[in-house]
Amino acid sequence: MRASETLIPTLRESPAEAEIPSHVLLLRSGCIRQLASGLYTWLPLGLRVLRRVEAIIREELDARGAREVQMPVVQPAELWRESGRWDVMGPELLRMQDRHERDYAMSPTHEEVVTDLIRRVVDSYHEMPVNLYQIQTKFRDEIRPRFGLLRAREFLMKDGYSFHLTDESFEKTYRDMHDAYAAILERIGLEYRAVEADAGNIGDSESHEFQVLAESGEDLVAYCPDSDYAANVEKARALPPRREQGPAQTLTRVATPGRRTIAEVSDLLGLDASRCVKTLIVRGAREPLVALVLRGDHELNETKASRLAAVAAPGTVASDTEVEAAVGCSVGSIGPVDLRLPVYADESAAALVNFVCGANEDDVHLTGVNWDRDAAAETVDLRNVVAGDPSPDGKGTLAFTRGIEVGHIFKLGTKYSDAMQLALQDGSGGEVSLIMGCYGMGVSRLVAAIVEQCHDAAGIVWPAAVAPFDLHVLALDYGRSEDVRRVASAVHDAGVAAGLDVLLDDRDERPGVKFADADLIGIPLRVTVGARGLRDGVVELRRRTETESVRVPIEDALARIGSGELL
RNA sequence: CGGAGUGUAGCUCAGCCUGGUAGAGCACUGCCUUCGGGAGGCAGGGGCCCGCGGUUCGAAUCCGCGCACUCCGACCA
């Protein structure tokens, strides 16, 4: 393809709205343009990348028995009402009406539609299992779209759904899809981790996220360098410590006038923050308020807290006035001793002996506090893990990295099957609700994640597997040199004959502009054809990953490109 | 939705504080020179200065109300 015949509007400067590398570079390289907040147009170059990523996804899924379908984006509200999500979803579900004032949703996901499809189409358990996927535009009215393609409102997603009679059948497909996701990311050449994740509101059991490692990632991943343990920090656990040993000290009241924070109290007492506990009061599910106790140097993990049956979801910290009314002191002086609320202590706090806590009386704290003797609590996992915590598999300590969630697979169980009456006879006289799996991969987000990981100061460095073109022919002096035109065309044709996608820069631009654009666009292999080189009978080869070009005799270059050996 | 910031030429921005009828660089058009890492000269074109209202003899500039975009937070399959 000739550059003069396509639209690649590169930008010399960064648009003001873009902050992170993928957003800046996708805009500057002419891959995308923003229409409005969270809405992007894919230009020819970007669309080629998107299509190549899609192709890889299709190949890996098809190879594992998933079958592609295409479901409607606009969906009748009655299906959403049937599942209960019309009322549950909130404003991120974009709603609209047709001319008859019937309600519709612009679909953020397709559980309802696919469940409805299966119950209409599948008549017998002999047809099980079924595994379908589609690659389609989704719309979620995000509160705050940001980071370009990484959190857009309209985006391209691969969403897959599987249906099973038995857990064994589900587990096999889940593993197959897990393998497919790993294979996709490996083919692209990304550094990633499959991590244990919290399933959010959607599932009730295990789920895995596929996190592409990048500084700009919104997710924090805890992993163990010495084992394969990795988990989203929302979910990550540490090996619970054993109860400390040592003789119990006497419970003692100490005056702590004006000291409210853990730092102030531990400073006053000359102790480490880890010897103190902090007590947070949150809204309860069964009772109005519940107390959560953490070691002073630890932070509450809100996802874990919300998962406690006794805690109202979403987790909400009680207001200062609520606390004072219930406990009789201000927030800085709460403690588990004689506290008339249900108390849940994090494993690390529960392991302490002779610790410090608030006395439920302003300006007073207690020292020498011990569980069982002085206070009672149920032990649970409540905190965010920190670097250096022992890995839960006992094989080392945890470290952190940031990631971009490009895939998430989970077990849905029978949530939708039950709500929408999707069941089959099981062959032995009974009837079973089908077990569902759900497999999402953000295709447009994946493109952004690739750029986050594959760029340098000059521009994008596309991995060969997804590059918009394989070969970039830079024809310098194109308009003025018949020789350049002839050789550049020959190089172009040799590439095409070898099955490559070739971009020929035949624009009437100065060399510097062409070089800069080529770096920005990031095509893996570049051949520079210029009058200067042709006088010596050479063209120049350079990979985008390298800094030096190699002068190669014209005939050699043609032969090597034609043979495909350069890829 | 809370907090912060920004809206001036296609892009990046100055001008605003201290009101007097709009600028630079790049991009674009024409001509000349140049031609291997974003050239130079000359001559041009291009602006409801985000919108509406107010103050004023006069508003890009001051005030009010909107809208849009961005960032932080909350939120988020």
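By convention in this document, chain letters (A, B, ...) are assigned in the order of the sequence lines, proteins followed by strands, and residues within each chain are numbered from 1.
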Inset, instruction - For the pair A:R85 (side chain) and A:E112 (backbone), establish whether a donor and an acceptor sit closer than 3.5 Å, ignoring hydrogens and angles. - result: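 The answer is no, because no donor-acceptor pair under 3.5 Å joins these two groups.
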Inset, instruction - Please confirm whether the backbone N or O of A:G160 pairs with a side-chain atom of A:H110, one donor and one acceptor, at under 3.5 Å? - result: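 Pair absent, no side-chain N/O of A:H110 close to backbone of A:G160.
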Inset, instruction - Please figure out whether A:D517 or A:E142 has its closest RNA chain B nucleotide nearer the 5' end. - result: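 Taking each residue's closest nucleotide, the earlier one in sequence belongs to A:D517.
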Suppose you measure atom [atom1] in [N] against the same atom in [M]; what distance do you get, rounded to whole Å?
| N | M | atom1 | value |
| --- | --- | --- | --- |
| B:rG20 | B:rA59 | P | 11 Å |
| B:rG23 | B:rG44 | P | 14 Å |
| B:rG54 | B:rA60 | P | 15 Å |
| B:rU34 | B:rG41 | C1' | 11 Å |
| B:rA4 | B:rG10 | C1' | 29 Å |
| B:rC52 | B:rC67 | P | 15 Å |
| B:rU6 | B:rC62 | P | 12 Å |
| B:rC11 | B:rC48 | P | 12 Å |

Compute whether any side-chain donor of one residue and acceptor of the other, for [X] and [Y], lie under 3.5 angstrom apart.
| X | Y | value |
| --- | --- | --- |
| A:T10 | A:D517 | yes |
| A:H23 | A:Y40 | yes |
| A:D159 | A:Y161 | yes |

Heavy atoms under 4.0 Å, any strand shown: does [X] hit a base, just sugar-phosphate, or nothing?
| X | answer |
| --- | --- |
| A:R526 | base |
| A:G440 | nothing |
| A:E218 | nothing |
| A:Y478 | nothing |
| A:R542 | base |
| A:G90 | nothing |

Inset, instruction - Let me see the working for A:D456 and A:R544 under salt bridge (charged side-chain N to carboxylate O under 4.0 Å, His left out), right down to the final yes or no. - result: CA-CA 10 Å; A:D456 61 18; A:R544 181 61 181 80; 2.8 Å; yes
For [N], which nucleotide in any strand shown is its Watson-Crick or wobble partner with both distances under 3.5 Å?
| N | answer |
| --- | --- |
| B:rA39 | B:rU33 |
| B:rG20 | B:rC57 |
| B:rG10 | B:rC26 |
| B:rC49 | none |
| B:rC1 | B:rG73 |

Just the table, please: protein N/O against nucleotides 10-12 of chain B N/O, every pair under 3.5 Å.
residue, atom, partner, partner atom, Å
B:rU12, OP1, A:A16, N, 2.6
B:rU12, O4', A:E13, OE1, 3.4
B:rU12, O2', A:E13, OE2, 3.4

Please report the distance, rounded to the nearest Å, between [atom1] in [X] and [atom2] in [N].
| X | N | atom1 | atom2 | result |
| --- | --- | --- | --- | --- |
| A:F147 | B:rC76 | CZ | P | 17 Å |
| A:E302 | B:rC76 | CD | C1' | 13 Å |
| A:E19 | B:rU70 | CD | P | 10 Å |

Phosphate-side-chain proximity, [X] and [N], N/O vs OP1/OP2 below 4.0 Å:
| X | N | answer |
| --- | --- | --- |
| A:T528 | B:rG36 | no |
| A:R144 | B:rC75 | no |
| A:R140 | B:rC76 | no |

Inset, instruction - Find out whether A:T528 and A:F515 are in side-chain contact, i.e. whether some heavy atom of one side chain is under 4.5 Å from a heavy atom of the other. - result: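 Contact flag for A:T528/A:F515 side chains = yes.
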Inset, instruction - Classify the side chain of A:R151 versus the base of B:rC76 as yes if they form a donor-acceptor pair under 3.5 Å and no if they do not. - result: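 Present.
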Inset, instruction - Tell me, yes or no, whether the heavy-atom count around A:E78 atom CD, taken from other residues, nucleotides or ligands under 6.0 Å, exceeds 12. - result: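 12 or below, so no.
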Inset, instruction - Write down the atom of A:P9, the atom of A:L43, and the distance for their closest heavy-atom approach. - result: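 What the structure gives for the nearest pair is CG-CD1, 3.8 Å.
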Legend entry - Side chain of A:F515 - closest among B:rC69, B:rA74, B:rG37: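 For A:F515, the side-chain atoms sit closest to B:rG37.
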Can you tabulate the close N/O pairs, meaning under 3.5 Å, that link protein atoms to atoms of nucleotides 32-35 of chain B?
residue, atom, partner, partner atom, Å
B:rU34, O2, A:R510, NH1, 2.7
B:rC35, O2', A:D477, OD1, 3.4
B:rC35, O2, A:R480, NH2, 3.3
B:rC35, N3, A:R480, NE, 3.4
B:rC35, N3, A:R480, NH2, 3.2
B:rC35, N4, A:R480, NE, 3.4

Inset, instruction - Pick out which of A:R58, A:K158, A:Q134 makes a side chain to side chain donor-acceptor pair (under 3.5 Å) with A:E68. - result: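 Between A:E68 and the candidates, side chain to side chain donor-acceptor pair (under 3.5 Å) is satisfied uniquely by A:R58.
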Legend entry - Set of residues satisfying side-chain hydrogen bond (donor to acceptor under 3.5 Å, both in side chains) with respect to A:T401, sequence neighbours excluded: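 side-chain hydrogen bond (donor to acceptor under 3.5 Å, both in side chains) check on A:T401 returns nothing, list empty.
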